[in-house]
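Single-structure report; data block below.
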Amino acid sequence: MWSAYRLARFVAIVVSVGFSYGGFIGIFRSDDPATAKALGCGLLVGLLLMHLYNCVRMVDGRRPKAWQWTLALQAVLTGAGLLMFPSTWYGNTGFLAAAVLLLIRPAGPAWAGFAVIVLAQYLSGLEVRPTVWDAAYLAIGHTAFVGIALYGVARFADLVGDLEKTRTALADAEVTRERLAFAHLLNERVGMSLQEVVRHGESVRRTAEVPAARERLAESLATARSALADTRSVAHAHRDGAPTGRRVADDLTASVVMGLGVAAVLLMLLTNPIKSILKADETSGEAVLYLGLVAVFTALFLWCCWIGGDDGRPRFWRTALAAAFVVALAPELVFERSFWYLSIFLPALTLVLLRGWLRWAVTMPLIAQDWVTLALWDVTLQGPTFVDQTYQVVWVGERVLVVYGFVRMNRLTRELQHARAELARTEIARERLRFARDLHDLLGFSLSVIVLKSELAFRLLDKDRARAERELGDGLEAARQALADIAAVAAGYRSVRLPDEVESARAVLETAGFAVNGTVDTPPLTAEQSNALATVLREGVTNVLRHSDGRSCTIEAGVTGGTVRLRLRNDGVRTNDVPPGAGLDNLRHRLQAVGGTLRSEAVDGSYELTAEIPLAPLEPAQIQPSSVAMRIASTRLRAPRRTIADDR
């Protein structure tokens with residue numbers, strides 16, 4: 001099946017060749033000598049080639065190289081033909097009108113140039129046609145219609161390529177908008193609390209009186225707990241919530257497409273009938289009936305081309321199509337075929353509305369209907385010769401293709417707009433999950449450390465002021481790091497390194513009163529692998545602090561059979577309090593991104609978390625600057641019982 005872009009280019013090329021075919025027929029039918037006809041055909045071939053070069057463009061939508069010169073050459077060829085063959089060249093000026101719309105920027109000068117070309121055709125038509133209405137018909141029914149039709153089908157190909165190219169950019173824009181809103185919320189709910197923690201902590205260190213220091217430290221501890229709760233609240237809201245911000249849509253493009261299509265249909269349907277009724281010797285009643293039927297057919301035609309419903313067809317399209325057939329065919333019982341011939345536009349509707357084999361079984365005979373009427377009733381619009389009949393088929397077929405091109409591309413525009421909106425929503429959802437993971441994995445740990453250190457300092461303030469200030473200092477350092485993490489989470493992904501995280505985990509667990517032991521010995525890792533394992537360790541330690549009443553923790557890492565394994569084991573797991581929630585899901589997601597797995601198990605009051613990542617050959621640029629090789633000594637410091645609230 002063809003891509004939408006290739007289909008659009010095909011329609012543009014076929015319609016261009018079809019319109020030029022009418023020019024060749026006009027030259028062939030003229031009374032000019034053979035040499036003049038040959039010259040005219042040569043000019044028209046050059047004009048068609050220039051048009052295809054200028055107007056049937058590649059997917060990037062750029063104007064062709066040296067387009068100013070090729071447009072100037074196209075103008076010269078058009079002007080020469082208009083001067084030398086004024087009675088047959090009128091439709092070919094539409095090629096130049098389309099090229100001006102496509103190549104001249106901005107739109108104002110382009111449409112001004114379009115109007116100048118239409119006016120030039122009108123003035124030229126006055127020399128060869130007997131009335132003003134005939135000259136206006138040449139300018140509007142041929143130059144303006146051909147120009148808008150060719151501009152439309154060429155611009156649709158350009159539009160399809162542009163929509164495909166900009167889908168990701170629009171999704172990124174939506175993600176950026178979401179990130180800014182998230183950063184504002186995070187700073188408002190968590191960042192200000194962390195600043196308060198730092199301010200209170202610094203005030204405690206400057207206050208000599210113990211009661212006043214305890215009061216400020218209590219305020220700091222309450223603020224830290226509130227920040228921890230807010231972090232979880234924001235993380236869960238962004239994990240499960242619906243995207244904010246406007247829907248991705250481009251109504252202006254859809255409006256332009258519809259406007260061009262309506263203009264092309266009106267020029268196609270109305271110019272010939274209006275010229276005919278103005279020239280005909282009909283009574284006022286017959287003229288009113290004629291114009292009324294034309295208006296009804298035009299309304300039905302536009303309704304049938306309207307985009308709607310799940311399959312792109314409007315409501316009641318069967319009724320509208322049947323009514324269009326009746327309005328197009330019934331008046332032929334009253335008016336002569338040469339005066340009422342709107343049935344030649346019916347195949348455009350059947351091509352648009354019908355599906356499958358029925359579409360072609362009905363449309364093809366309708367395109368060749370002049371052959372049918374000639375064979376059955378000796379009635380024809382163009383003439384009985386093979387050239388006449390061929391021209392009629394091409395004339396009808398190119399207009400069918402123009403209408404189909406407008407309707408198909410309008411439908412495609414809407415489909416792509418919907419796809420872009422879905423893509424943007426998908427990207428926003430993915431970004432929300434990243435927010436939630438980073439909040440949980442980075443800020444959750446830091447805030448747990450802040451609460452732990454603040455509680456410890458609060459209890460030591462009366463007994464050991466120096467020790468309390470050291471613990472408070474560690475908490476303030478964690479608060480400053482958390483403030484930095486806020487900016488990192490909002491701006492993008494913040495990585496952590498396994499060596500740093502091992503040292504941090506050991507220090508935090510010892511502060512909490514755990515005896516920490518184990519051996520960590522890993523080979524060089526990529527930044528992604530190191531970050532994934534470090535995040536597992538960080539989340540595991542956070543869960544130990546929040547869910548364990550034990551006093552022993554083991555951290556081990558090493559290589560077994562081409563796989564690096566990290567294991568964290570602790571005792572004192574509370575009954576029915578095995579860590580659930582978003583944390584482990586986040587870790588599994590991170591490990592899956594590097595081909596790893598995660599296992600967790602609670603047995604006999606102990607809890608074990610194991611992460612495994614397969615090792616792969618590394619490029620030098622991928623290797624983490626330092627590997628881990630250390631023996632964690634068994635240490636234990638006396639510390640008060642932890643009171644971090646388990647409000648996951």
Side-chain angles (χ1 to χ4, degrees), residues 22 90-91 94 118 122 125 129 131-149 152 258-306 314 316-353 362-363 366-367 369-370 373 379-382 392 395-404 406-407:
Y90 44 86
V118 173
Y122 171 74
R129 292 300 173 100
T131 67
V132 170
W133 295 112
D134 284 325
Y137 166 71
L138 296 181
I140 298 174
H142 287 268
T143 302
F145 168 70
V146 171
I148 290 178
M258 183 175 65
L260 287 172
V262 170
V265 168
L266 294 179
L267 289 173
M268 181 181 71
L269 295 181
L270 299 181
T271 51
N272 259 323
I274 291 175
K275 182 197 72 168
S276 298
I277 198 63
L278 290 173
K279 293 179 63 178
D281 186 17
E282 303 287 341
T283 65
S284 58
E286 290 174 333
V288 170
L289 175 62
Y290 181 90
L291 292 176
L293 290 172
V294 170
V296 171
F297 181 81
T298 302
L300 290 170
F301 196 99
L302 291 173
W303 178 262
C304 290
C305 294
W306 188 263
F316 313 118
W317 67 267
R318 294 179 179 84
T319 302
L321 181 60
F325 267 80
V326 171
V327 175
L329 296 174
E332 293 187 6
L333 300 175
V334 179
F335 301 109
E336 294 183 359
R337 172 74 171 171
S338 59
F339 189 57
W340 181 269
Y341 45 84
L342 292 184
S343 61
I344 62 177
F345 300 113
L346 290 175
L349 299 184
T350 59
L351 187 64
V352 167
L353 294 176
V362 175
T363 300
L366 286 175
I367 292 177
Q369 63 182 271
D370 206 46
T373 59
V379 176
T380 177
L381 289 174
Q382 286 295 328
Q392 179 66 13
W395 192 94
V396 175
E398 66 192 13
R399 281 154 178 77
V400 168
L401 207 53
V402 166
V403 174
Y404 175 77
F406 273 101
V407 174

Taking side chain as C-beta onward, heavy atoms only, is [X] less than 4.5 Å from [Y]?
{"X": "Tyr122", "Y": "Val118", "result": "no"}
{"X": "Pro273", "Y": "Leu342", "result": "yes"}
{"X": "Phe325", "Y": "Leu366", "result": "yes"}

Closest non-hydrogen atom pair, [X] against [Y]:
{"X": "Phe335", "Y": "Glu286", "result": "CZ-O, 4.2 Å"}
{"X": "Gly125", "Y": "Ala135", "result": "C-CB, 3.8 Å"}
{"X": "Asp370", "Y": "Leu381", "result": "OD1-N, 2.9 Å"}
{"X": "Ser343", "Y": "Gln369", "result": "OG-OE1, 2.7 Å"}
{"X": "Val396", "Y": "Pro347", "result": "CG1-CG, 3.9 Å"}
{"X": "Val400", "Y": "Ala348", "result": "CG2-N, 3.7 Å"}

Would you check, one step at a time, whether the test side chain to side chain contact (heavy atoms under 4.5 Å, CB included) holds for Val403 with Cys305? CA-CA 8 Å; Val403 174; Cys305 294; 3.8 Å; yes
(message) Working note: Arg399 + Phe145, criterion side chain to side chain contact (heavy atoms under 4.5 Å, CB included); need CA distance, chi angles, decisive distance, verdict.
(response) CA-CA 10 Å; Arg399 281 154 178 77; Phe145 168 70; 3.8 Å; yes
Rounded distance (nearest 0.5 Å) linking atom [atom1] of [X] with atom [atom2] of [Y]:
{"X": "Phe297", "Y": "Phe345", "atom1": "CZ", "atom2": "CZ", "value": "7.5 Å"}
{"X": "Leu321", "Y": "Phe301", "atom1": "CG", "atom2": "CZ", "value": "10.5 Å"}
{"X": "Leu269", "Y": "Thr298", "atom1": "CG", "atom2": "OG1", "value": "5.0 Å"}
{"X": "Leu349", "Y": "Trp303", "atom1": "CG", "atom2": "CH2", "value": "14.0 Å"}
{"X": "Asn272", "Y": "Ile140", "atom1": "CG", "atom2": "CD1", "value": "12.0 Å"}
{"X": "Thr363", "Y": "Leu351", "atom1": "OG1", "atom2": "CG", "value": "5.0 Å"}

ask   = side chain to side chain contact (heavy atoms under 4.5 Å, CB included) between Ile274 and Tyr137: does it pass, once the steps are laid out?
value = CA-CA 9 Å; Ile274 291 175; Tyr137 166 71; over 6 Å; no
Pair Trp340-Leu333, side chain to side chain contact (heavy atoms under 4.5 Å, CB included): steps then yes or no: CA-CA 10 Å; Trp340 181 269; Leu333 300 175; over 6 Å; no
